[in-house]
Protein chains: 2
Amino acid sequence: MSKVEDAREDSRLRAADAVVAQLESRILSGKLADKQPLPSERELMEEFDISRTVVREAIATLSNRGLVESKPRFRPVVRKPDFDTIINATDTIIRNMLTDPSGVLSLYESRIFVERGLVREAATTATKEDIALLKQALEANKAAINDSLQFFRTDLEFHRIFYELGGNPIFPAIHKAYSAWLWPYWERMKRAPGRNERNYLAHKSIYDAILERDPDAAEEALQSHLARAWEDVGLTMEVSVSLDRSADKG
Amino acid sequence: MSKVEDAREDSRLRAADAVVAQLESRILSGKLADKQPLPSERELMEEFDISRTVVREAIATLSNRGLVESKPRFRPVVRKPDFDTIINATDTIIRNMLTDPSGVLSLYESRIFVERGLVREAATTATKEDIALLKQALEANKAAINDSLQFFRTDLEFHRIFYELGGNPIFPAIHKAYSAWLWPYWERMKRAPGRNERNYLAHKSIYDAILERDPDAAEEALQSHLARAWEDVGLTMEVSVSLDRSADKG
DNA sequence: TGGCCGAGTTTGGTCGAACCAAAATTTGTT
DNA sequence: AACAAATTTTGGTTCGACCAAACTCGGCCA
């Protein structure tokens, strides 16, 4: 008997949606194990007694929902959702939204907000091990001052540590998102002489404040650090903004 | 000429993906205006010189991405993405993730983190108008103590104000998300006598701290308020996960 | 024995024609 | 002008077919 029909005596719904629901529950319950390939489309169409068209639509939806990973021409692979999944699913939308400069600013503001909280947290609750991690990242950052690409990497890594501290898996995912979405704007940042040095010192002052268990100082250091960084980027953005406006009027 | 082929001399890609990209750019550029119906599937298949199968797949993807709204049997409607769109696109994933209690905890922890920052911000930078809003919400909350449903609404509203303060559109979207995702758990919260009263007092203490421009007190009040709320919910969840972070400063 | 290669099979990607039922549109009637 | 019926359009679904890329597996050669 068709398992789909049961959940679909109401013909106003899509058949694919019922299949999606079925597969979804199987994935979540573990009947379809993580990292394992989905049954072939032809198997599924037989089992659910539907056309392959519907099967494909269902799989496409699952893919967009992040429950399976599907590369073209390859068997879709089951993937239990985690917070990273959300970032991926959200990616295109965000990128679209970031075509508006004010969207970038909003995003960056939110990042500052989050990191202010994170450094406060670090200043009050960081363990010796946490601080050791920070110190290590800081020194790597210092060592890379003359290699801008490497400096950027260690910069990212230094900030990332704060997102890891609480052990809450949401925050690393957020850091990943910020990095991915704001990266393009950082790439265009001009290479002012002494910029790396300045940023390293900013990192150090944050670190020092944490060492001294001073959340206010840490927050302040972080805030001015990121505000300054925005200025570096904002200059190049303002150009494109005004360009857009003149293009609009024309 | 087929517009799809151009972006697809590499046959390893899906035809649907190219169509998605095309329509996506048209929506973002405004060539396909917001709130306007998409061309019919048969028109699209002719224009792009592809089969309807591919058209449907493309539309399904756009729908999942949140760029069009498609109810079964109705013409899909163009929808320019905003931060709310993200929440909707993310919704199913999150709900799936929340089948795991630890996921709920992570989410709730992140909410506490965010709101701690928000009330600190409010305590330092809230304008007279902001404070008036808070006072109004607080009084509405007080007036609803004996009507649990109404109390819940005013409770939500009180918290929402903090998310509105900065004027950053990301935060209201986040509040909406937290409300939607955590709602089911709150609904199951037991109706202990005096609970509304207690929560109102907690809100008041937050408000008072903001009045006195004391971010530490505001944060502390918020923290204990939400931690206590979690206990009310946690009991019914039959999961004993502790939330004590002892992050309070002496 | 072990790794490489190629024929044969499976599987995903795409097409096209067709049918149905519901929505949208037009026509007809009062 | 308003409402009801007939007609066209459109989305949802099925079936069958074809292609090319991925996968399998068994034989060849070192």
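Values in this document were obtained by computation on a predicted structure and should not be read as measured data. Residue numbering restarts at 1 for every chain, and letters A, B, ... go by the order of the sequence lines.
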**Message:** From CD of Glu46(A) over to C1' of dT11(C), roughly how many Å is that when rounded to an integer?
**Reply:** 15 Å
**Prompt:** Where the side chain of Pro72(B) is defined as all heavy atoms beyond and including C-beta, which of dG12(D), dG13(C), dC15(C) is the nearest nucleotide?
**Reply:** dG12(D)
**Asked** Is the closest side-chain donor-acceptor distance between Thr85(A) and Asp82(A) under 3.5 Å?
**Response** yes
**Message:** Ignoring hydrogens and geometry beyond distance, is the side chain of Arg56(B) in donor-acceptor contact with the base of dT13(D) at under 3.5 Å?
**Reply:** no
**Prompt:** Could you give the CZ-to-P distance, from Arg73(B) to dG11(D), as a whole number of Å?
**Reply:** 10 Å
**Asked** Below 4.0 angstrom from OP1 or OP2 of dT14(C), is there any side-chain N or O of Arg14(B)?
**Response** no
**Request:** Check whether any side-chain nitrogen or oxygen of Arg75(A) sits under 4.0 Å from OP1 or OP2 of dT11(C), and answer yes or no.
**Result:** yes
**Nearest-angstrom distance from the residue atom CZ of Phe48(B) to P of dT14(C)** = 14 Å
**Message:** If you assign Thr53(B) and Pro39(B) each to the DNA chain D nucleotide with the nearest heavy atom, which residue ends up on the more 5' nucleotide?
**Reply:** Pro39(B)
**Asked** Does the base of dT13(D) carry an N or O that pairs as donor and acceptor with the side chain of Arg52(A) under 3.5 Å?
**Response** no
**Request:** Tell me what Ser40(A) touches on the nucleic acid: a base, only sugar-phosphate, or nothing, going by heavy atoms under 4.0 Å.
**Result:** sugar-phosphate
**Asked** Can you tell me if Tyr178(B) and Glu115(B) form a side-chain donor-acceptor pair at under 3.5 Å?
**Response** no
**Protein-nucleotide distance (Arg42(A), atom CZ; dA17(D), atom P), rounded to Å** = 12 Å
**Message:** My understanding is that only one of Trp230(B), Tyr185(B), Phe113(B) makes a ring pair (Phe, Tyr, Trp, His ring centres under 6.0 Å) with Tyr108(B); could you say which?
**Reply:** Trp230(B)
**Prompt:** Between Phe74(B) (CZ) and dT25(C) (C1'), how many Å, whole number?
**Reply:** 15 Å
**Prompt:** For Ser148(B) and Asn196(B), does a side-chain donor sit closer than 3.5 Å to a side-chain acceptor?
**Reply:** yes
**Request:** Would you kindly give the NZ-to-P distance between Lys71(A) and dA22(D), to the nearest whole Å?
**Result:** 10 Å
**Request:** Figure out the CG/P separation between Leu44(B) and dG12(D), and round it to whole Å.
**Result:** 13 Å
**Message:** Can you measure Glu57(B) atom CD to dT13(D) atom C1' for me and round it to whole angstrom units?
**Reply:** 15 Å
**Asked** Parallel, tilted or perpendicular: which fits the ring planes of Phe151(A) and His203(A), with parallel below 30° and perpendicular above 60°?
**Response** parallel
